[in-house]
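Presented below is the structure to which this report refers.
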Amino acid sequence: MELAFDDSETARELVERTRAFMDEVVIPTEREEFLSGGDMTDAVIEALRAEARDRGLYAPQLPEEYGGLGLDFRDVLPMFEEAGRSLLGPPALRVDAPDEGNMHTIEMVGTDAQKEEWLRPLVAGEYTSAFSMTEPMQGGGSDPKMLQTTAEKDGDEWVIDGHKWWTSQGDEADVLLVMARTNQEAHPYEGCSFFLVPPDTEGVELRREVPYLGDAWGIGHPEVIYDGVRVPEENLLGPKDEGFQIAQRRLGPARLTHCMRFSGMAQRAISVAKAYVHEREGFGEALSNKQSLRFKIARAETRLYAVRTQVRHAARQIARGNEARTEVAMCKVFAANVVNDIIDDMLQLCGGNGIARDLPIAHFYEEVRAFRIFDGADEVHLRSIARASFENVDREELATVTRF
Ligand SMILES: Cc1cc2nc3c(=O)[nH]c(=O)nc-3n(C[C@H](O)[C@H](O)[C@H](O)COP(=O)(O)OP(=O)(O)OC[C@H]3O[C@@H](n4cnc5c(N)ncnc54)[C@H](O)[C@@H]3O)c2cc1C
């Protein structure tokens with residue numbers, strides 16, 4: 001189903017070429033290499049990346065001088081959606097989390113030397129990275145003010161001590177972006193900073209891999225100890241004590257790119273389920289003739305259209321220089337719930353085949369649940385939306401009631 005969005009000419013052209021790449025290369029590779037019981041090896045990803053480079057689609061969101069295509073954020077967002085149609089799409093195009101958000105962060109606030117050392121090989125796909133912010137109880141999680149990891153200055157070095165978990169990809173990363181308190185006196189929102197930490201620095205310990213739902217396909221989310229880890233002053237990423245502002249600037253766009261990747265996943269699930277009910281007969285006719293199933297598809301398409309429109313609108317706000325925090329929170333919580341519902345419904349429509357790993361939906365189902373938790377749990381976003389809403393209470397609305 002073709003729907004109209006007011007995307008730019010550049011965005012539409014990119015989407016068309018990305019769709020061809022997904023249909024001709026990525027989805028056949030997914031079927032051959034993964035759904036048939038293979039593995040998402042580095043060699044498979046490297047071959048896909050080579051093809052993406054040849055087609056002029058690789059790293060579209062990153063600056064040209066570091067190896068990307070240097071395109072506008074709004075123009076590449078629809079491409080993220082196409083990429084999301086397969087779990088292989090985002091790594092193939094180098095728009096995969098968490099590297100995508102980490103590269104954006106280094107690009108935003110990194111020094112030239114940091115960009116040369118870390119961003120260039122990250123864009124090239126030679127390096128991977130991890131974002132190390134969340135901590136076990138009673139550290140920073142939904143409430144980031146509870147952050148306990150510290151970094152203290154000792155001469156021209158910083159000494160980091162702390163305990164993190166859910167450091168996605170931390171088990172294989174070439175650089176860890178670690179958030180720590182650098183000013184104990186200040187309010188936590190004004191006293192935290194980011195550091196670039198090579199994982200082979202003395203004192204960095206991968207304590208364990210957290211076993212989790214969705215690990216058949218996914219990356220590791222280890223628990224990491226930082227015990228007296230020393231990094232030089234030049235590894236401070238961005239201004240000292242502005243860690244929360246940096247995290248916020250990272251998370252706004254990163255939440256939207258997540259919404260788009262997951263909306264692509266939901267779109268593919270709809271497409272697979274439609275094909276299944278179209279072919280499958282039961283009770284004397286194709287299942288696709290059953291009105292209740294048709295309505296499920298119609299509702300899914302309608303809600304997904306709302307997600308995609310909403311994300312594009314928030315992206316425009318960000319491009320105009322607005323933080324759009326409430327709009328992004330709305331996108332995140334709405335998209336996470338819509339794509340969870342859609343993938344659950346589409347799995348149901350495929351019957352036993354929805355559970356089998358012959359189709360991609362079983363993987364999608366496992367993968368999508370965490371989206372209601374990472375990048376801020378539903379309730380955390382609803383809390384900030386409610387706060388923004390209650391800033392504007394019109395007491396005059398009670399005029400009629402108070403007359404009685
Ligand atoms: C797959 C995955 C990948 C992740 N990757 C990373 C990563 O790369 N880097 C990183 O730093 N972190 C990462 N995380 C961590 C993630 O950001 C946190 O799990 C998330 O912020 C929630 O924090 P928490 O787990 O400590 O939950 P808690 O803070 O313990 O909250 C538990 C639950 O309480 C509810 N809740 C919390 N606050 C409120 C409130 N004010 N009102 C009502 N209800 C509330 C919510 O339902 C929440 O889910 C990842 C998590 C997952 C699952």
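Numbering starts at 1 and runs along the sequence shown. Read the numbers this way: they start at 1 and go in the same order the structure lists the ligands and their atoms. Heavy-atom basis, side chains included; hydrogens, waters and symmetry copies ignored.
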Atom 51 (C) of ligand 1 protein-contacted (non-hydrogen atom, under 4.0 angstrom): yes
Note: Arg12-Glu9 ion pair, threshold 4.0 Å (strictly below): yes
Protein contact for atom 32 (C) of ligand 1 (heavy atom, distance under 4.0 Å): no
Option whose closest heavy atom lies nearest to atom 3 (C) of ligand 1, chosen from Pro144, Pro136, Ser168: Ser168
Heavy-atom donor-acceptor pair, Arg294 side chain to Ser288 backbone, under 3.5 Å: yes
Part of Met133 within contact of ligand 1 (heavy atoms, under 4.0 Å): both
Closest protein heavy atom (residue, atom, distance) for atom 41 (N) of ligand 1: Arg383 CD, 3.4 Å
Residue His221 vicinity, atoms of ligand 1 by number, heavy atom under 4.0 Å: 1 (C), 3 (C)
Parallel, tilted or perpendicular: rings of His221 and Trp166 (30°, 60°): tilted
Heavy-atom neighbours of Arg120 CZ exceed 12 at 6.0 Å: yes
Closest to atom 27 (O) of ligand 1 among Ser142, Gly140, Gly214 (heavy-atom distance): Ser142
Ligand 1 versus Lys164: contacting region, heavy-atom distance under 4.0 Å: neither
Gln114 side-chain N/O to Leu236 backbone N/O, donor-acceptor pair under 3.5 Å: yes
Side-chain donor/acceptor of Asn322 to backbone N/O of Ala324, under 3.5 Å: no
Thr150 versus Asp161, side-chain donor and acceptor atoms under 3.5 Å: no
Under-4.0 Å protein heavy-atom contact, atom 25 (O) of ligand 1: no
Residue, atom name and distance, where the atom is the protein heavy atom closest to atom 47 (O) of ligand 1: Glu379 OE1, 2.7 Å
Closest protein heavy atom (residue, atom, distance) for atom 13 (C) of ligand 1: Trp166 O, 3.0 Å
Protein heavy-atom partner closest to atom 9 (N) of ligand 1 - residue, atom, separation in Å: Phe131 O, 2.7 Å
Pair Glu81 + Arg312: basic N to acidic O under 4.0 Å: yes
Protein heavy-atom partner closest to atom 48 (C) of ligand 1 - residue, atom, separation in Å: Ala377 CB, 3.7 Å
Atoms of ligand 1, numbered as shown, that sit under 4.0 Å from any heavy atom of Ile373: 19 (O), 20 (C)
Nearest protein heavy atom with distance in Å, relative to atom 12 (N) of ligand 1: Thr134 OG1, 2.6 Å
Salt bridge present between Arg85 and Glu82 (N-O < 4.0 angstrom): yes
Side-chain donor/acceptor of Glu135 to backbone N/O of Gln148, under 3.5 Å: yes
